[in-house]
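Only a predicted model underlies this, so the values are computations on that prediction, with no experimental measurement involved. Counting starts at 1 for both ligands and their atoms, following the listed order.
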Amino acid sequence: MPQLLLKNGLVIDPASGLEAKRDLLIEAGRIASLSAKISPPPGCAVFDAAGLWVFPGFIDMHVHAREPGAEKAETLASAARAAAAGGVTSALLMPNTSPPMATAALLKKYRARAAGLPVNFYFSAAITAGRAGKRLSGLAGLKKAGALAFTDDGACLEDGGLFRRAVKTAARLRLPLLDHPELSGLSGAGVLNRRVPGFRLPAIGSESEVFAVLRDIMAAADCGPVHLQHLSLSASVGALRAAKAAGVPVTGETCPHYFTLSDRDLDPRDANFKMKPPLRSPADRTAVLKALADGTIDVIATDHAPHERFLKAKGFLKAPFGVIGLETLAPLCVTELVFNNRMPKLRLARLLSANPARLLGLRRKGALTPGFDADITILDPRAEHRVPERFFSLSSNSPFKGRRLKGWPSAVISRGIFIFKDGRVIC
Ligand SMILES: [Zn+2]
């Protein structure tokens, strides 16, 4: 029975509220015990975690792995390497592949392909047939085939009647329904938050997100739980806060770019700053930070969206929306939230592990409780370096290239096995 002992790390466990120096013993892929001092059993491997932060493995519930359909941008295998390097031990994959994850047969095929990978990949399925927004896909059958959530991400399900039926069905099936809140008619051909003098780039007004958020909250109040994806605006998080206070079953996520950057940081010549929703105003960024701190936002997810270099080279107007995020998740959270905004590490563990595990119904994940899967992300708070030009991802469309960040993963363990150590992915 393989054993591994992590010695002297600062253990951060959201389930017990523990943040203290502890030894942690792993046995047969599970957490065996956690205590102030554990002597290594005979033959047990030992990892010295002194000075390091030991988190439950990060669970990223918003990842585009691009397989099938765009394997030059990313594959399941390359996404797994990027996830491992980023400290992400579990990820929920989005269904806007080509063809879309909207049938049980396709879902089963790609679940089988992902099964051998060192990172736990879970699949969401499209809410509507062909992700076309016209009629519901066979949601019960997709659940039976292994879907863990429903979403038409990449697009909003704008038909309000159909959306409410989807929310009711997902509630009955007890699976989360995730919405990309955006009314396309209001976004139009917009590519950024506000016009930049000297550039002919149309804007995406904030109402395209806010009206969809309000619609979703009203549906949640009547029909069942709704999870709001990638929130970017002060008005959105304000509405989420009020809805939660009123007892509406609604949750929300944001992404590192929305709490790290604003539209003032954007280079309109560089399409690596182009994503949906767009980078918003500094006041919106501050509101998102506050909503992360006070628990209004439940989850940090990356919306990892790889695109081939030639596509992003088409310029801000024509390039596709989206940025990669798996490999910069940890240092952006540590630098921006823990160091710059003094977020307690326990709250970060809730946002990155405990809450997504709860939302997705992942038992035995999201905490360091004995008996739970030994998925562990070990960060080095002193490790400081620039975001490189090249990534484990097949794509490199990051707006953070060259940025100095602190708090990079030192080692990552999935089901008791190292999948990243000393800067190398082991899978
Ligand atoms: Zn989306």
Side-chain angles (χ1 to χ4, degrees), residues 60-66 69-70 73-74 79 91-98 100-102 122-128 130-133 147-159 163 166-167 170 176-188 190-193 204-213 215-216 226-233 236-237 240 250-259 261 271-280 284 288 297-307 319-326 329 356 359-360 395 397 399:
D60 184 352
M61 60 182 286
H62 199 140
V63 170
H64 300 273
R66 300 300 189 216
E74 201 77 289
L92 181 73
L93 305 183
M94 292 296 111
N96 61 335
T97 47
S98 182
M101 279 303 154
Y122 302 102
F123 289 78
S124 58
I127 302 171
T128 59
R131 239 185 100 254
L148 228 62
F150 302 118
T151 177
D152 270 4
D153 183 51
C156 185
L157 173 46
E158 297 194 30
D159 178 330
F163 184 74
V167 175
L177 187 124
L178 326 174
D179 190 40
H180 163 123
E182 179 194 18
L183 299 185
S184 59
L186 291 170
S187 294
V191 293
L192 39 62
N193 186 45
I204 299 177
S206 51
E207 65 275 16
S208 83
E209 177 176 314
V210 179
F211 288 179
V213 164
R215 191 274 314 248
D216 287 2
V226 174
H227 176 78
L228 301 166
Q229 297 178 298
H230 44 56
L231 297 177
S232 68
L233 287 162
S236 300
V237 298
L240 175 61
V250 63
T251 51
E253 75 188 27
T254 193
C255 315
H257 34 279
Y258 302 118
F259 62 72
L261 302 174
N272 288 333
F273 287 86
K274 180 179 178 181
M275 76 286 283
K276 243 183 189 176
L279 295 173
R280 303 292 193 176
D284 289 311
V288 168
I297 292 176
D298 302 87
V299 168
I300 295 171
T302 62
D303 196 0
H304 178 81
H307 290 293
F321 291 93
V323 296
I324 58 169
L326 285 167
L329 171 67
L359 274 167
L360 297 174
S395 296
N397 51 308

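By the 4.5 Å heavy-atom criterion applied to side chains, V213 and L233 are not counted as neighbours. Side-chain contact check for H64 versus T97: every heavy-atom pair is 4.5 Å or farther apart. For the pair T251/V299, no side-chain contact is recorded, criterion being any heavy-atom separation below 4.5 Å from C-beta on.
For a distance bound of 2.8 Å, the N, O or S atoms of E182 include none lying that close to the Zn ion (ligand 1). Under 2.8 Å from the Zn ion (ligand 1) lies no N/O/S atom of H62, from backbone or side chain alike.
The environment of F211 atom CZ is sparse: at most 12 non-hydrogen atoms of other residues, nucleotides or ligands sit within 6.0 angstrom.
To the nearest 10 degrees, the angle centred on the Zn ion (ligand 1) between ND1 in H180 and OD1 in D153 reads 90°.
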